[in-house]
Amino acid sequence: MTQAPRIAAPADLVLAWYDRHHRDLPWRVSPPMAARGERPDPYRIWLSEVMLQQTTVQAVKAYFALFTSRWPTVTDLARAETEDVMKSWAGLGYYARARNLKKCAEAVAFEHGGVFPDSEDGLKALPGIGDYTAAAIAAIAFNRRSAVLDGNVERVISRLHAIETPLPAAKPEMRALVAAMTPADRPGDFAQAMMDLGATICTPRRPACALCPLNAACRVLGREDPELYPRKAAKKAKPVRLGAAFVAEDETGAIFLRKRGETGLLGGMTEVPGSGWTARIDGETGPAAAPFAADWQACGTVTHVFTHFELRLSIYRSTVPHHVQAGDGWWQAKETLDGEALPTVMKKAIRQAIPDAFSRR
DNA sequence: AAAACGTGGTA
DNA sequence: TTACCAAGTTT
């Protein structure tokens with residue numbers, strides 16, 4: 001008997017590629033592990049997804065290990081001190097994620113009996129979980145047939161279909177195309193496969209199209225430069241802001257720190273005292289902006305690039321008596337500085353004033 | 001809906 | 001060195 005020639009569905013091609021070429025990641029239950037009966041832990045999937053928002057796999061690995069070691073379950077995290085969570089998150093960036101992580105853990109532990117909702121809608125109602133993360137957790141942890149669209153998938157889909165609409169306007173169209181492509185069987189693996197494909201084959205620059213399981217179907221390959229997709233609106237230039245930071249050391253080697261407000265830039269994190277960060281007005285960036293009078297010595301500048309502006313901080317240092325107080329700050333022993341909730345820009349400022357302030361890096 | 005929100009790596 | 005990029009969410 002004869003059969004009509006069958007064209008493999010794109011999802012099957014992607015899944016077959018994933019079975020051979022998936023990345024092994026600390027939070028992932030890969031196909032061989034699944035074959036041994038292992039199931040994903042929604043807590044670990046959620047934690048990894050939040051950490052991975054706008055953040056590289058490489059950067060996340062150490063933080064994921066630290067968090068899961070220190071707080072093995074969502075209830076452990078819910079019972080943690082927020083300050084300890086911020087300290088552990090320090091350096092990873094986008095600190096609203098850490099504040100929402102703690103709130104989300106509390107909601108799951110205390111309002112959902114310690115069990116994550118297993119639907120996209122239920123997940124999306126939680127703090128810090130948006131469209132992408134809700135779909136990803138639903139698919140990966142609960143095997144729901146949800147359409148997972150992240151930056152990787154946007155790249156794959158935009159090239160596969162030669163989508164001319166620029167992002168973010170193209171998102172609904174892309175989501176519909178992903179939804180149509182997502183299989184009822186193994187939707188979680190399909191989502192992870194599409195992201196791995198975007199991360200390792202369909203890369204932003206120099207994609208390895210020859211190795212792509214979708215190359216035969218790709219509308220861009222062979223016609224145009226894939227690097228031109230997805231189309232994106234041009235980015236705006238970053239303004240420069242100026243400021244001053246004051247690193248005070250007492251005779252025991254302790255450093256004066258204080259806590260930033262809970263919201264906004266670096267919200268809830270620790271800082272050294274400083275001036276405001278002014279938009280280009282060369283205003284009070286000298287010792288007059290100091291938190292208390294002292295023999296402030298200029299010791300250079302630190303440049304730090306944030307998402308939407310570049311900061312040039314003038315650094316001042318001084319040695320002062322221990323009893324000096326200013327507002328709600330405190331003196332922190334230098335040996336314990338590593339454990340503080342200091343964002344990178346503040347570590348840079350302290351290191352500029354006191355090169356051996358931190359144990360390494 | 002556009003802007004705010006971190007950091008480190010790569011070319 | 002400048003520019004872009006990385007598993008986005010919130011307001």
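Reminder, nothing fancy here: chain letters follow the sequence lines and each chain counts from 1. Small disclaimer: the values here were computed from a predicted structure and weren't measured.
You'll find a donor-acceptor pair under 3.5 Å spanning the side chain of A:Thr307 and the base of B:dG6, going by distance alone. A:Thr55 contributes a side-chain N or O that forms a donor-acceptor pair with the base of B:dG6 under 3.5 Å. Between the side chain of A:Arg23 and the base of C:dA7 there is at least one donor-acceptor pair of N/O atoms closer than 3.5 Å.
Put simply, the side chain of A:Leu342 reaches to within 4.5 Å of the side chain of A:Leu257, judged on heavy atoms.
What separates CH2 of A:Trp89 from C1' of B:dC5 is a distance of 13 Å, to the nearest Å. When the P atom of C:dG8 is taken as reference, atom CG of A:Leu123 falls 17 Å away, rounded to whole Å. At whole-Å resolution of the value, CZ in A:Arg205 and P in C:dA6 are 8 Å apart. Computed from coordinates, the A:Leu52 CG to C:dG8 C1' distance equals 11 Å when rounded to whole Å. Rounded to a whole Å, the CD atom of A:Glu49 is 13 Å from the C1' atom of C:dA6. Across the protein-nucleic acid pair, A:Leu311 atom CG and B:dT7 atom C1' stand 14 Å apart, rounded to whole Å. Note: CG (A:Leu92) to C1' (B:dG8) measures 11 Å, nearest angstrom. In this structure, OH of A:Tyr132 is placed 8 Å from P of C:dT9, rounded to the nearest angstrom.
Under the 4.0 Å criterion applied to side-chain N and carboxylate O atoms, A:Glu224 and A:Arg219 are not assigned as salt-bridge partners.
The side chain of A:Gln53 contributes no N or O atom lying less than 4.0 Å from OP1 or OP2 of C:dG8. Neither OP1 nor OP2 of B:dA3 sits under 4.0 Å from any side-chain N or O of A:His308. Regarding contacts with the backbone of B:dG6, every side-chain N or O of A:Arg97 stays at 4.0 angstrom or more from both OP1 and OP2. Side-chain N/O atoms of A:Thr56 include none lying less than 4.0 angstrom from OP1 or OP2 on B:dT7. Phosphate proximity of B:dT7 to A:Tyr95: present, with a side-chain N or O under 4.0 Å from OP1 or OP2. Distances shown here put a side-chain N or O of A:His304 below 4.0 Å from the OP1 or OP2 atom of B:dT7.
Heavy-atom minimum distance, A:Ala349 versus A:Ala245: CB-CB, 4.3 Å.
Nucleotides B:dC5 and C:dA6, compared at atom P, are 22 Å apart to the nearest Å. Rounded to a whole angstrom, the distance from the C1' atom of C:dA7 to that of B:dA2 is 23 Å. Rounded to whole Å, the separation between the C1' atoms of B:dA1 and C:dT10 comes to 13 Å.
A ring-ring contact (aromatic ring centres under 6.0 Å, His included) with A:Phe67 holds for exactly one of A:Tyr43, A:Trp89, A:Trp27; it is A:Trp89.
Residue contacts shown for A:Val148 are absent, as no nucleic acid heavy atom lies under 4.0 Å away. Residue-level contact check: A:Ile45 touches neither bases nor backbone, having no heavy atom under 4.0 Å from any strand. Within 4.0 Å (heavy atoms only), A:Thr133 reaches sugar-phosphate atoms of the nucleic acid but no base atom. Residue A:Gly267 is classed as having no contact, given no heavy-atom separation below 4.0 Å to the nucleic acid. Within 4.0 Å of A:Arg155, counting heavy atoms only, lie sugar-phosphate atoms of the nucleic acid but no base atom.
Taking the six-membered ring where the residue is Trp, A:Phe292 and A:Phe256 present perpendicular rings, their angle passing 60° and hence far from 30°.
If you check B:dA3, B:dC5, C:dT9 against the side chain of A:Leu265, the one that comes closest is B:dC5. Here C:dC5 is the nucleotide among B:dT7, C:dC5, B:dG6 with the atom lying nearest to any side-chain atom of A:Pro204. When each of B:dA3, C:dA7, C:dG8 is scored by its nearest atom to the side-chain atoms of A:Lys236, the top-ranked nucleotide is B:dA3.
Summary of the strand contacts: A:Leu126 and A:Lys235 both lie near DNA chain C, and taking for each the nucleotide with the nearest heavy atom, the more 5' one is attributed to A:Lys235. Both A:Trp27 and A:Pro127 lie close to DNA chain C; mapped to their nearest nucleotides by heavy-atom distance, the more 5′-ward contact belongs to A:Trp27.
Side-chain N or O atoms of A:Arg23 include none that pairs as donor or acceptor with a backbone N or O of A:Ala199 at under 3.5 Å.
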Step-by-step salt bridge (charged side-chain N to carboxylate O under 4.0 Å, His left out) determination, A:Arg317 to A:Glu249 = CA-CA 8 Å; A:Arg317 67 164 297 170; A:Glu249 190 176 3; 2.7 Å; yes
